[in-house]
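Scroll down for the structure; my scribbles are underneath it.
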Amino acid sequence: MALPLYYNWRNLFVRKLSTMLTFAVVAVIVLVLAVLLSFAAGIRASLASSGSRSNIMVLKPGATAESTSIILPDEISKLVQAPHVARGGDGRPLVSEELCVQTSIPRSTDGTLANVAVRGVAPVAFDVHREVRLIEGRRFDDGALEVIVGKAARDRYANLQIGGEVPLGKLSNRTYRVVGVFEAGGGALESEIWAGLTSIRDSFDRRFSSSAVLALDDAVRADETIAAINGPSIQLEARRESDYYIELSRKTREIVLLTSILIGIMSIGAVFAVANTMYASVDGRRREIAMLRTIGFSRGAILTAFLIESMLICVVACAAGIGGSLLLSGSRQDFLSDTTWTVLAYELRITGDIVVSALGLAVVVGAVGALAPALRASRIRVIEALRKA
Amino acid sequence: MSAAEIECIDVRKVYRKDRIAIPVLDGLNLRIAAGEFVTLMGPSGSGKSTLLHLIGGLDSPTGGSVRVGDAQLERMSERELTAWRSRHVGFIFQMYHLVPVLTAAQNVELPLLLFKMSAAERRERVATALKIVGLSDRTDHRPNQLSGGQEQRVAIARALVTDPDVILADEPTGDLDARTSEEILTLLNLLNTEFGKTILMVTHDPKAAAHGQRTIHLEKGVLERDEVMPRKTVAAASA
Ligand SMILES: Nc1ncnc2c1ncn2[C@@H]1O[C@H](COP(=O)(O)OP(=O)(O)OP(=O)(O)O)[C@@H](O)[C@H]1O
Ligand SMILES: [Mg+2]
């Protein structure tokens with residue numbers, strides 16, 4: 001009972017401009033949606049289980065992330081005097097001075113480059129980050145060109161098996177060797193590469209650190225520690241390590257929320273674009289529709305034809321949007337590399353779920369937008385439409 | 001090879017516009033025998049198209065009854081009429097009304113898509129219909145690549161491809177020059193004589209009307225005159 005698909009398809013080219021505009025609007029929405037969903041999924045997964053409540057993360061005042069924080073050596077030494085800092089077996093305070101830098105490493109799947117965090121740490125870091133556990137190989141020697149890699153990093157990036165070589169440094173001219181693999185309770189640290197603080201400082205030509213992490217002997221009294229560090233004698237910014245990651249993911253949620261609202265508004269716009277295009281199409285084809293009805297095509301067949309026509313635009317636009325998002329997933333790394341999100345940006349991936357969601361949105365936009373015009377088409381008064389204009 | 005008798009009894013049609021009743025047909029009686037070729041004449045606005053639409057099941061009468069073959073049209077729902085039209089009536093209009101994005105063959109195929117029919121059979125039927133109207137060499141042309149006369153031939157092929165009982169033509173030559181009109185009328189004559197179709201054709205042109213076996217005149221809502229044409233039409237057309 002239905003009109004053939006080629007009838008719908010060819011009609012899309014009758015009003016090319018209108019069709020193209022709708023196509024573009026839907027494709028852009030799908031693109032934004034796909035990137036948003038992959039972004040949200042990636043960030044959420046790795047931030048959810050990061051950071052300890054009994055650790056204090058110290059950054060430069062005003063810095064929101066390690067990548068924008070600089071801490072001077074004499075500030076580190078003051079930190080040791082903060083109250084409730086835990087001490088190791090050897091009696092030394094558990095204060096981990098850390099330097100966080102970035103490097104580009106090809107993905108193991110398609111060879112495209114991703115920004116990966118490289119953390120220079122002293123041995124005390126392993127007593128501070130108690131969730132970090134070596135699962136293969138051994139620790140690096142501080143001072144040697146050796147690294148250990150997080151489990152997630154090893155799985156995702158090329159050549160990070162034990163024995164693999166990683167070029168690091170300001171000019172990527174120092175070749176480090178992978179000597180171990182660690183896990184960190186599924187948290188963000190598992191996406192990182194760790195090496196000796198002195199080696200990394202030397203290779204990247206840095207004299208400062210980016211952060212310090214303190215382990216507390218009494219997590220309940222963390223507020224006192226935080227107050228002391230934020231106070232006039234030290235003047236750094238402290239927060240619980242777990243809060244730091246929650247803060248990071250709160251921003252993610254904000255971005256996701258704002259983008260969702262944007263997508264919602266764009267979708268409403270797209271519905272109107274579809275409706276507009278389809279109304280123009282219906283009005284331009286009144287006689288043709290009347291003739292089809294005369295021949296014996298039912299109201300339902302006409303309604304369906306216009307719904308299909310609009311969905312054709314939207315589904316093809318969806319394919320284009322997904323295609324665009326796949327292209328973008330390579331370059332997106334650079335886009336995010338200067339922001340807070342660098343470390344986690346590698347998780348961006350267009351999955352089957354995302355394609356299904358995008359297709360769903362496109363189909364809904366196509367159907368909702370075309371409904372009113374399609375109804376109008378199906379209700380055209382045959383005789384009036386057949387009369388000479 | 002099917003045909004149906006047409007019978008209108010006391011048919012009334014009143015249009016309403018802004019609460020003003022416009023009576024168009026006012027107690028019209030008409031009988032057209034199966035296989036007859038009747039032409040319908042009358043002044044503009046006399047209700048010729050209206051009558052054709054009632055007989056074709058495109059509209060329902062305000063009163064009276066319209067029977068085509070076994071179908072009592074005034075008792076049928078919109079849905080039933082739609083299905084009935086696809087099987088029993090072929091329409092031909094002055095403006096052809098071809099679908100611009102489809103080729104001649106695809107236009108002719110359209111009504112067959114409403115039938116349970118294999119693609120092969122559809123192709124065969126379309127080829128036959130296009131052959132009858134003499135357009136076998138234009139199957140893949142779009143309407144804008146055809147002349148007016150050729151477009152009307154495609155429309156005729158589309159009207160006959162389902163092998164309907166009745167062919168209703170509303171000024172089919174109204175937009176064509178004399179020579180092309182003559183060709184189209186000859187073709188309609190052929191559908192009547194060779195394939196036995198019942199044909200009702202509206203025309204303003206007495207020369208066109210002469211192609212039918214009978215001409216009825218509509219005026220003031222009723223049939224004014226009913227004249228039988230001399231049976232010379234076929235000979236005249238082929239001369
Ligand atoms: N939908 C409508 N609403 C109101 N009046 C209508 C409607 N359709 C037709 N009419 C009126 O009915 C009358 C008959 O119209 P119809 O089209 O049947 O005439 P016609 O004999 O075919 O004329 P023509 O030779 O110009 O085609 C006209 O006066 C027309 O204005
Ligand atoms: Mg008319």
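Naming convention: chains lettered A, B, ... in sequence-line order (proteins, then strands); numbering from 1 in each chain.
- Without hydrogens or angle criteria, B:Arg85 side chain to A:Thr294 main chain gives a donor-acceptor distance under 3.5 Å.
- Pairing each heavy atom of B:Ser86 with each of A:Gly296, the nearest pair is CB-CA, 3.8 Å.
- Residues B:Thr162 and A:Ile295 form no side-chain contact, since every pair of their non-hydrogen atoms from C-beta on lies 4.5 Å or further apart.
- Contact of B:His53 with chain A is made through the side chain alone, with heavy-atom distances under 4.5 Å.
- For B:Thr50, the part lying near chain A is the side chain, with the backbone staying farther off; criterion is any non-hydrogen pair under 4.5 Å.
- For the atom pair CE (A:Met291) and CZ (B:Arg158), the distance works out to 3.5 Å, reported to the nearest 0.5 Å.
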Verdict with supporting geometry, B:Phe91 and A:Leu386, side chain to side chain contact (heavy atoms under 4.5 Å, CB included): CA-CA 11 Å; B:Phe91 288 94; A:Leu386 282 177; over 6 Å; no

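- Contacts between A:Arg299 and chain B at a heavy-atom distance below 4.5 Å involve the side chain alone, from C-beta outward.
- Looking only at side-chain heavy atoms (C-beta outward), A:Trp9 and B:Val101 stay at 4.5 Å or farther from each other.
- For A:Tyr6, the part lying under 4.5 angstrom from a heavy atom of chain B is the side chain only.
- When heavy atoms are compared at a cutoff of 4.5 Å, B:Arg79 does not approach chain A at all.
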Worked verdict on B:Gln106 versus A:Arg10 for side chain to side chain contact (heavy atoms under 4.5 Å, CB included): CA-CA 12 Å; B:Gln106 287 164 341; A:Arg10 286 182 204 167; 2.7 Å; yes

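- For chain A, the option among B:Lys116, B:Glu78, B:Arg87 with the highest count of heavy-atom pairs below 4.5 Å is B:Glu78.
- Residue B:Asp177 qualifies as enclosed at atom CG: its count of foreign heavy atoms under 6.0 Å is above 12.
- At a threshold of 4.5 Å between non-hydrogen side-chain atoms, the residues B:Met95 and A:Arg287 count as touching.
- B:Pro100 has its side chain out of reach of A:Val14: every pair of non-hydrogen atoms, C-beta onward, lies at least 4.5 Å apart.
- Atom OG1 of B:Thr82 sits about 11.5 Å away from atom CZ of A:Phe297, to the nearest 0.5 Å.
- Expressed to the nearest 0.5 Å, how far CG of B:Leu81 lies from CZ of A:Arg293 amounts to 10.0 Å.
- Of the inter-residue distances, the one linking B:Leu114 atom CG with A:Leu292 atom CG reads 9.0 Å to the nearest 0.5 angstrom.
- The 12-atom threshold is not exceeded at CD of B:Glu124, counting heavy atoms of other residues, nucleotides or ligands nearer than 6.0 Å.
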